[in-house]
Number of protein chains: 2
Amino acid sequence: MTEQVTTGTDVTRMRELNALSIVRALRGGPPSTVTEVAARTGLSRPGTDVIVQGLVADGWLTVVEPDGSSVVGRPARRYRFNAGAGHVVGVDVGVHKVLAMLADLDGTVVRTARLPVDPGADPAARLTVVDAAVDECLAGAGLRPDDVWAITVGVTGPVDAGGRTTLFTPLPGWASVSPAGHLAARFSCPIQVENDCKLAALAERWQGAARDADDIVYVLAGMRCGAGLIIDGALRRGHGGAAGEIGALRAVRWLTAPSHLENCAGLPAGIDTDDAAAWVFNAARAGDKAARTAVRRYTRDLAVGTAALVLTLDPQVVVLGGGFSRSADLILDQLARELGRTCLRVPEIRASTLGDESVALGALRLALDEVDARLFGVSLPAPLAPRA
Amino acid sequence: MTEQVTTGTDVTRMRELNALSIVRALRGGPPSTVTEVAARTGLSRPGTDVIVQGLVADGWLTVVEPDGSSVVGRPARRYRFNAGAGHVVGVDVGVHKVLAMLADLDGTVVRTARLPVDPGADPAARLTVVDAAVDECLAGAGLRPDDVWAITVGVTGPVDAGGRTTLFTPLPGWASVSPAGHLAARFSCPIQVENDCKLAALAERWQGAARDADDIVYVLAGMRCGAGLIIDGALRRGHGGAAGEIGALRAVRWLTAPSHLENCAGLPAGIDTDDAAAWVFNAARAGDKAARTAVRRYTRDLAVGTAALVLTLDPQVVVLGGGFSRSADLILDQLARELGRTCLRVPEIRASTLGDESVALGALRLALDEVDARLFGVSLPAPLAPRA
DNA sequence: TACTCTTTGTCAAGAGCGCAGCATTATTCG
DNA sequence: CGAATAATGCTGCGCTCTTGACAAAGAGTA
């Protein structure tokens with residue numbers, strides 16, 4: 001009966017809110033004068049000035065002394081969000097590689113480390129490579145683990161509430177592994193584990209092909225098919241983290257779709273599975289009839305699942321990603337035709353622009369979102385200074 | 001460059017925020033003392049008292065003088081949210097009937113009007129019935145149009161940005177009709193038009209079978225099949241308002257599923273389409289073999305589309321609604337079995353508890369949400385008093 | 001009935017914050 | 001060098017919340 005339902009605002013809490021308003025107004029934008037910040041936030045100029053001084057003292061903002069720009073009047077000091085006050089890490093744990101990225105609070109990538117992994121490596125060995133990639137990023141930037149404010153790890157397969165991929169994973173022995181638990185031994189910041197398709201979807205909205213859209217279906221087209229959903233501007237996981245796994249429906253032949261490429265007539269004998277797809281796409285581009293048929297069948301199967309997603313969600317954009325998005329020229333048109341036949345309202349269809357960095361980038365974005373939620377959320381911001 | 005990005009908080013704005021906090025703390029709950037409200041909001045008791053007095057003066061709260069309850073200490077005045085300060089209207093425009101509901105700001109239904117419509121009635125005639133139903137509610141409660149703060153109209157078929165059902169509607173001539181435009185002539189409040197399945201989903205989460213869930217797939221099972229989606233606690237419309245229209249996919253036989261019932265062997269000759277389904281369900285319950293087969297086939301088709309929705313969204317609950325939810329005893333078990341075979345994580349499956357009032361109730365809920373957004377959103381609340 | 005105890009209702013003092021307005025400073029232009 | 005322009009810095013004012021204290025109203029007890 002006496003539970004705290006709503007948060008009343010204290011006058012000192014108001015101060016914090018205004019400080020956060022100012023930080024938000026400066027994030028991602030160019031350095032600005034106090035007058036500009038005051039105009040953007042709706043606060044008065046003197047009040048803005050006082051708060052800005054405090055934020056500078058705490059390390060949130062840095063001062064940019066006026067250069068010799070030729071404007072009438074007294075030259076103004078400018079203030080810039082101190083993106084280097086904190087950093088986030090995103091990791092893509094793949095079958096063949098581990099890709100780690102380190103970014104500052106503006107999302108600018110500071111350091112990247114890509115390490116190969118044996119596809120058959122056991123969990124312990126794979127986690128060691130993860131550690132090595134993260135360490136390489138930190139060492140290269142001269143940072144310590146305490147300087148990292150959030151970490152996100154991208155893995156293949158639906159991620160459950162405990163951050164494990166118990167339902168499905170292509171990595172040997174990985175089903176019971178908790179990457180978050182492993183990293184928590186060295187990092188005290190929040191650590192999230194998320195599905196690779198979902199992270200790639202975030203990346204496409206952040207820096208990729210769907211920057212303008214709030215309702216996005218990201219389709220991963222490769223030897224494994226998957227999807228990530230962004231609805232009303234936010235990544236949706238579903239109640240058990242299995243949203244987007246339409247491929248499990250038998251009528252949607254996402255599991256068997258790649259076999260059209262693997263079994264294409266005319267493939268060189270003994271070709272590797274991963275190279276087979278590339279061969280078929282090249283052959284199709286060159287006019288090979290069997291290859292064109294294989295690509296058509298693959299695309300048709302891909303389209304059935306995509307249509308189910310599109311009809312369910314009515315997105316603005318469908319982004320085609322994954323390894324085969326390099327061959328979007330062969331897939332996109334037919335995909336659009338098939339969706340046009342089945343869907344009520346046909347969304348735009350675009351090819352991914354981020355290549356194989358999309359998962360790691362999306363991991364960075366999710367880590368930044370976590371930081372934002374902590375800073376701009378309900379709780380008070382702890383006064384933080386860049387490393388002393 | 002000088003656009004207003006963030007809202008700085010003034011000291012007088014803080015007052016408004018605290019007033020809203022107090023209103024929120026009292027909404028939907030029992031009448032409370034100032035001390036209780038202070039505890040819930042985190043404000044001090046004197047401060048709370050001042051604001052409460054102001055809210056009483058403005059008509060937001062009403063005073064409940066202490067009754068002879070036997071507690072130690074001075075008996076406290078209690079304050080209650082004045083739900084009668086405003087009202088909302090929800091309308092369900094069906095093929096055979098128009099159902100209008102009037103509720104106060106607590107969502108308590110004050111008045112209901114159900115009027116029959118000729119299924120072949122032209123748009124003008126149908127809108128006249130809508131007007132009559134709404135007027136009957138208002139007159140019965142002694143209210144004028146200005147006392148209504150929001151209206152939502154539920155219709156069948158996907159609703160576009162302009163509030164029209166241009167893509168599909170079973171109502172003759174209705175495709176180009178704008179119910180919102182029609183009502184706007186007499187009501188100056190916000191008027192929303194929304195798809196019936198989506199509204200029914202809202203109703204089930206509000207007062208029905210899914211009160212505890214944030215991720216819900218509502219499936220309308222009747223002579224027409226449809227779906228409404230609630231994801232992360234909010235109704236999702238999709239970019240063009242066509243979310244949930246999975247029935248358009250050919251592999252999902254929602255359009256033809258009811259034909260299993262209509263063409264069931266043994267149906268009495270010349271039976272009405274609407275009565276046919278009821279006959280089949282009754283016969284199946286009595287053990288009729290052909291009827292059981294028809295129900296089984298109907299359910300199987302229903303399950304395919306439901307599985308697509310479930311796999312896409314991974315909801316916590318699937319609610320079976322619509323006219324056939326009365327026969328949930330015949331459908332639910334098989335539906336659960338089919339979903340168990342196809343889905344990665346099987347959600348709970350529950351039957352609707354709201355009957356044919358669900359659409360109108362959902363319309364009320366959406367109208368209340370609209371009011372909430374206006375009151376608790378970014379803009380300042382206008383001081384409002386109950387009718388003088 | 002008189003006294004104590006508990007909780008409410010009310011008031012006054014004090015502190016924090018933002019705003020308006022004015023004086024001061026630094027720079028460009030003529 | 002002086003006028004114009006725009007940023008900076010300072011002071012007084014008003015608003016709000018909080019803390020603390022005191023009077024008021026009823027229950028329980030002797």
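Below, read A as the first sequence line, B as the second, and so on, with proteins coming before strands; counting in each chain starts at 1. The model shown is predicted, which means the values in this text are computed figures rather than measured ones.
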What is the separation between atom [atom1] on [X] and atom [atom2] on [N], rounded to the nearest whole Å?
{"X": "A:I22", "N": "C:dC17", "atom1": "CD1", "atom2": "C1'", "value": "13 Å"}
{"X": "B:M14", "N": "C:dC19", "atom1": "CE", "atom2": "C1'", "value": "14 Å"}
{"X": "A:R15", "N": "D:dC17", "atom1": "CZ", "atom2": "P", "value": "18 Å"}
{"X": "B:N18", "N": "D:dT16", "atom1": "CG", "atom2": "P", "value": "11 Å"}

Partner set under side chain to side chain contact (heavy atoms under 4.5 Å, CB included) for A:A76, not counting sequence neighbours: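 In terms of side chain to side chain contact (heavy atoms under 4.5 Å, CB included), with neighbours along the sequence ignored, A:A76 is linked to A:T33.
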Return the set of residues passing side chain to side chain contact (heavy atoms under 4.5 Å, CB included) with A:V63 (not counting sequence neighbours), or none when no residue passes.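 Partners of A:V63 under the side chain to side chain contact (heavy atoms under 4.5 Å, CB included) test: A:V56, A:E65, A:R77, A:Y79.
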Is it the case that B:S32 and B:R80 place a side-chain donor and acceptor less than 3.5 Å from each other?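 No - no donor-acceptor pair under 3.5 Å links their side chains.
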Partner set under side-chain hydrogen bond (donor to acceptor under 3.5 Å, both in side chains) for [X], not counting sequence neighbours:
{"X": "B:R27", "result": "B:D372"}
{"X": "A:D104", "result": "none"}
{"X": "A:R78", "result": "none"}

Per-nucleotide protein contact along nucleotides 3-15 of chain C, 5' to 3', at a 4.0 Å heavy-atom cut-off (B base, S sugar-phosphate only, - neither), is ---BBBBSB----
